[in-house]
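Down below is the structure, laid out as structure tokens.
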Amino acid sequence: METPLKDSVFDCYVDDQGVTPWTLSVASGYNLLRDPHHNKGLAFTEKERDAHYLRGLLPPTVIPQDLQVKKLLNNLRQYQVPLQKYMAMMDLQESNEKLFYKLLIEHVEELLPVVYTPTVGEACQKYGSIVKRPQGLYISLKEKGKILEVLRNWPERNIQVIVVTDGERILGLGDLGCQGMGIPVGKLSLYTALGGVCPSACLPVTIDVGTNNERMLNDEFYIGLRQKRATGQEYTELVHEFMVAVKQNYGEKILIQFEDFANHNAFDLLEKYSNTHLVFNDDIQGTASVVLAGVVAALKLVGGTLADHTFLFLGAGEAGTGIAELIALEISKKTSTALEDARKKIWLVDSKGLIVSSRKESLQHFKKPWAHEHEPIKDLIDAVKDIKPTVLIGTSGVGRTFTKDVVEAMAAINEKPIILALSNPTSQSECTAEEAYTWTEGRAIFASGSPFDPVEYEGNVFVPGQANNAYIFPGFGLGLIMSGTIRVRDDMLLAASEALAAQVTQENFDKGLIYPPFTNIRKISANIAAKVAAKAYELGLATRLPQPEDLVNHAESCMYNPSYQNYR
Ligand SMILES: NC(=O)C1=CN([C@@H]2O[C@H](COP(=O)(O)OP(=O)(O)OC[C@H]3O[C@@H](n4cnc5c(N)ncnc54)[C@H](OP(=O)(O)O)[C@@H]3O)[C@@H](O)[C@H]2O)C=CC1
Ligand SMILES: CC(=O)C(=O)O
Ligand SMILES: [Mg+2]
């Protein structure tokens with residue numbers, strides 16, 4: 001066998017001494033085609049092919065970006081398996097960023113379920129097997145003491161938003177450890193596609209402190225630390241080092257979005273850092289804002305004010321108590337009643353039954369405000385019959401928990417029951433759209449966390465909405481970033497919620513929808529961003545001065561444009 005030459009010109013000859021990896025700083029020729037930020041594939045013009053040493057590296061045809069989009073969409077539609085579509089989209093993101101975003105933006109309704117829930121859930125479960133090139137930044141216990149250096153390894157300097165997870169509660173799929181990375185990657189691609197934040201300003205991060213998921217630990221392709229989760233001081237110190245390093249490296253105005261942490265850490269982290277950092281927990285706060293918007297919009301269909309309604313949640317964790325608290329805050333503001341009184345119209349059921357005062361001592365702190373005076377009730381169906389809610393919200397992470405009995409009981413109590421099955425992905429949805437419409441004889445106002453197709457029932461077509469925080473966080477984040485806001489406040493969540501509810505048109509209502517379609521999401525995000533920024537200026541928390549006169553226009557003008565640029 002031939003021994004590779006020590007000083008070979010061919011990089012593929014590797015010897016034991018190691019080599020220094022280096023690249024050109026100005027991409028041209030072959031490197032340009034492999035640089036995802038600048039690659040245009042067959043769309044490079046004749047002039048660009050001459051100027052950038054591309055002659056011969058591409059076949060002779062030159063095609064416009066629109067035709068590339070059409071071709072890719074045709075290709076994607078050939079795949080029967082959603083995960084194949086996901087992998088094709090990730091390949092595209094890694095090879096031609098602008099084309100990825102143009103495709104996603106122009107076909108958002110079709111592709112959101114591919115890059116986001118439900119497919120991203122399956123992608124995380126199989127992440128170790130499917131990912132070809134690592135995306136995002138991995139910070140594990142091995143990096144303790146070196147997190148600032150790790151941040152500096154990231155190639156982009158002007159980071160404005162970080163989505164970080166520790167992988168312990170990935171959608172309703174539980175602890176997926178390091179493979180939770182699919183979530184920050186997916187959320188940040190929505191920051192760009194839906195909210196117009198520049199991709200180079202986005203940093204996905206996974207903090208790996210181990211996993212308690214035996215399946216992951218025994219999977220030979222698992223990519224994370226093979227150990228049980230670190231907890232207590234070891235956990236707190238690593239996260240703290242990360243939080244300090246982030247601010248040191250990127251400054252006061254860096255937005256950190258916590259995503260899919262387990263509730264035993266999520267509430268504490270949010271509280272701990274909300275007065276020192278620009279932090280936001282999407283599962284607690286973004287979800288709250290989107291659900292409040294949907295319920296407020298639904299009032300147009302069912303009548304009454306928010307305070308006239310009675311809410312029952314299945315699931316009293318981050319999403320459930322987060323939503324409950326924002327609804328109570330809105331009721332208290334609108335009716336000038338005390339928050340404690342506003343909370344009395346809201347009930348929550350957890351895995352042990354209805355949350356009532358006799359359970360107070362043993363409840364986690366975030367559940368205590370919801371421990372109202374009432375006899376204990378074990379089952380959801382009995383809680384529905386007793387509490388008689390007008391709005392039923394599923395945030396349990398457990399599929400098929402809105403059984404026929406439960407949905408029929410809602411239909412017996414209400415002319416138009418509002419039923420929101422928020423748990424993701426589709427397998428964990430509390431009920432399907434078809435079940436909701438069929439079991440209520442077409443009377444339900446239904447939305448779900450993951451998308452369902454329209455349902456035909458007795459000759460009528462019902463279009464279910466998607467109650468997902470994806471409506472809020474991209475525009476919310478854009479509003480914070482464009483105004484240089486330094487802290488998040490509840491009033492900003494209320495402003496975002498109001499902005500979203502205001503985007504639901506009569507045409508949407510006529511179809512029974514309580515959310516506008518995602519097709520118009522960039523316009524929706526611009527409106528949300530404007531309202532959030534306006535609130536930040538009003539509260540004196542915005543640092544980008546002077547305040548632009550037309551904030552909607554300003555938001556739109558800040559948005560990332562996925563069309564190719566001409567190269568000199
Ligand atoms: N649509 C959207 O935009 C969003 C959807 N979600 C989804 O919501 C779900 C929950 O997320 P999150 O709140 O963060 O999770 P948490 O783990 O914080 O909360 C889950 C809650 O559900 C309760 N629960 C679990 N099993 C049952 C059961 N069989 N019956 C009754 N209650 C049960 C738990 O009870 P106990 O406390 O007793 O353990 C807990 O209170 C996930 O599927 C997630 O994907 C989350 C955020 C946004
Ligand atoms: C949508 C989302 O954030 C979740 O399911 O966790
Ligand atoms: Mg989440």
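The residues of the chain are indexed from 1 along the displayed sequence.
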Quick one, F258 with F280, criterion ring-ring contact (aromatic ring centres under 6.0 Å, His included). Give me CA distance, side-chain angles, the key distance, then yes/no. CA-CA 6 Å; F258 292 121; F280 158 66; 9.6 Å; no

Would you check, one step at a time, whether the test side chain to side chain contact (heavy atoms under 4.5 Å, CB included) holds for K126 with V131? CA-CA 9 Å; K126 300 177 179 162; V131 164; over 6 Å; no

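Figure legend: K40 and Y567 shown as a cation-pi pair, the cationic atom lying under 6.0 angstrom from the six-membered ring centre and within 45 degrees of its axis. With a 6.0 Å cutoff to the six-membered ring centre and a 45° limit on the axis angle, R400 does not count as a cation-pi contact of F402.
Side-chain contact annotation: N561 with S563, donor-acceptor N/O pair under 3.5 Å present. Between the side chains of R34 and N39, no donor-acceptor pair is found at a separation under 3.5 Å. Judged purely by distance below 3.5 Å, without hydrogens or angles, the side chains of Q179 and Q125 never pair a donor atom with an acceptor atom.
When all heavy atoms are compared, the tightest approach of L32 to H52 is CD2-CB, 3.8 Å. In this structure, L422 and V291 approach most closely via the heavy-atom pair CD1-CG2, 3.5 Å. Nearest heavy atoms, Y437 versus P464: OH-CA, 3.4 Å. D283 and F261 get closest at one heavy-atom pair: OD2-N, 4.5 Å.
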In residues 446-458, what donor-acceptor pairs under 3.5 Å come from side-chain atoms, sequence neighbours left out?
from	atom 1	to	atom 2	distance (Å)
S448	OG	S450	O	2.7
S450	OG	T117	OG1	2.7
S450	OG	N424	OD1	2.7

Acceptor/donor pairs from residues 186-203 side chains to any protein atom, 3.5 angstrom cut, sequence neighbours excluded:
from	atom 1	to	atom 2	distance (Å)
K187	NZ	Y116	OH	2.7
K187	NZ	E259	OE2	3.4
K187	NZ	D282	OD2	2.9
K187	NZ	N469	OD1	2.9
S189	OG	G186	O	2.8
Y191	OH	Q257	OE1	2.6
T192	OG1	V197	O	2.8

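Atom CD of E122 is separated from atom OH of Y127 by 14.0 Å, given to the nearest 0.5 angstrom. Summarising the geometry, atom CG belonging to L255 is positioned 9.0 Å from atom CD1 belonging to I162; distances are rounded to the nearest 0.5 Å. The structure places CG of N527 at 14.0 Å from CZ of R522, a figure rounded to the nearest 0.5 Å. In this structure, CD in E252 is found 11.5 Å from OG1 in T485, a value given to the nearest 0.5 Å. For the atom pair L76 CG and E110 CD, the distance stands at 8.0 Å (nearest 0.5 Å). Between the CG atom of L551 and the NZ atom of K535 there is a distance of 13.0 Å, given to the nearest 0.5 Å.
A donor-acceptor pair under 3.5 Å is absent between the side-chain atoms of S429 and the main chain of T432, judged by distance alone. In this structure, the side chain of T165 engages the main chain of G167 through a donor-acceptor pair within 3.5 Å. Checked by atom type and distance alone, the side chain of S289 never pairs as donor or acceptor with a backbone atom of G286 at under 3.5 Å. Between the N508 side chain and the T505 main chain, a donor and an acceptor come within less than 3.5 Å of each other. Side-chain atoms of T119 do not come within 3.5 Å of backbone N or O of V115 as any donor-acceptor pair. When atom types are taken as modelled, the side chain of S497 and the backbone of A293 share a donor-acceptor pair closer than 3.5 angstrom.
Comment: E46 does not engage R49 in a salt bridge, judged by the lack of any side-chain N to carboxylate O separation of less than 4.0 angstrom. Salt-bridge formation is not detected for the pair E48/R55: no Lys NZ or Arg NE/NH1/NH2 atom is positioned less than 4.0 Å from an Asp or Glu carboxylate oxygen.
Every residue was checked against the salt bridge (Lys or Arg N to Asp or Glu O under 4.0 Å) condition with K253, not counting sequence neighbours, and none meets it. V150 is linked by a side-chain contact (heavy atoms from CB on, under 4.5 Å) to L137, I139, E143, counting only residues two or more places apart in sequence or in another chain.
Just one residue in the list L67, N74, N75 forms a side chain to side chain contact (heavy atoms under 4.5 Å, CB included) with K71, and that residue is N75.
Screening residues 556-568 for salt bridge (Lys or Arg N to Asp or Glu O under 4.0 Å), with sequence neighbours left out, gives K523-E556. Within the structure, side chain to side chain donor-acceptor pair (under 3.5 Å) contacts touching residues 82-92 (residues at least two apart or in different chains) are D91-K132.
No close placement of the F44 and Y564 rings is indicated, their centers lying 6.0 Å or farther apart.
By the neighbour-count criterion of 12 heavy atoms within 6.0 Å, atom NZ of K98 is densely surrounded, having more than that number from other residues, nucleotides or ligands.
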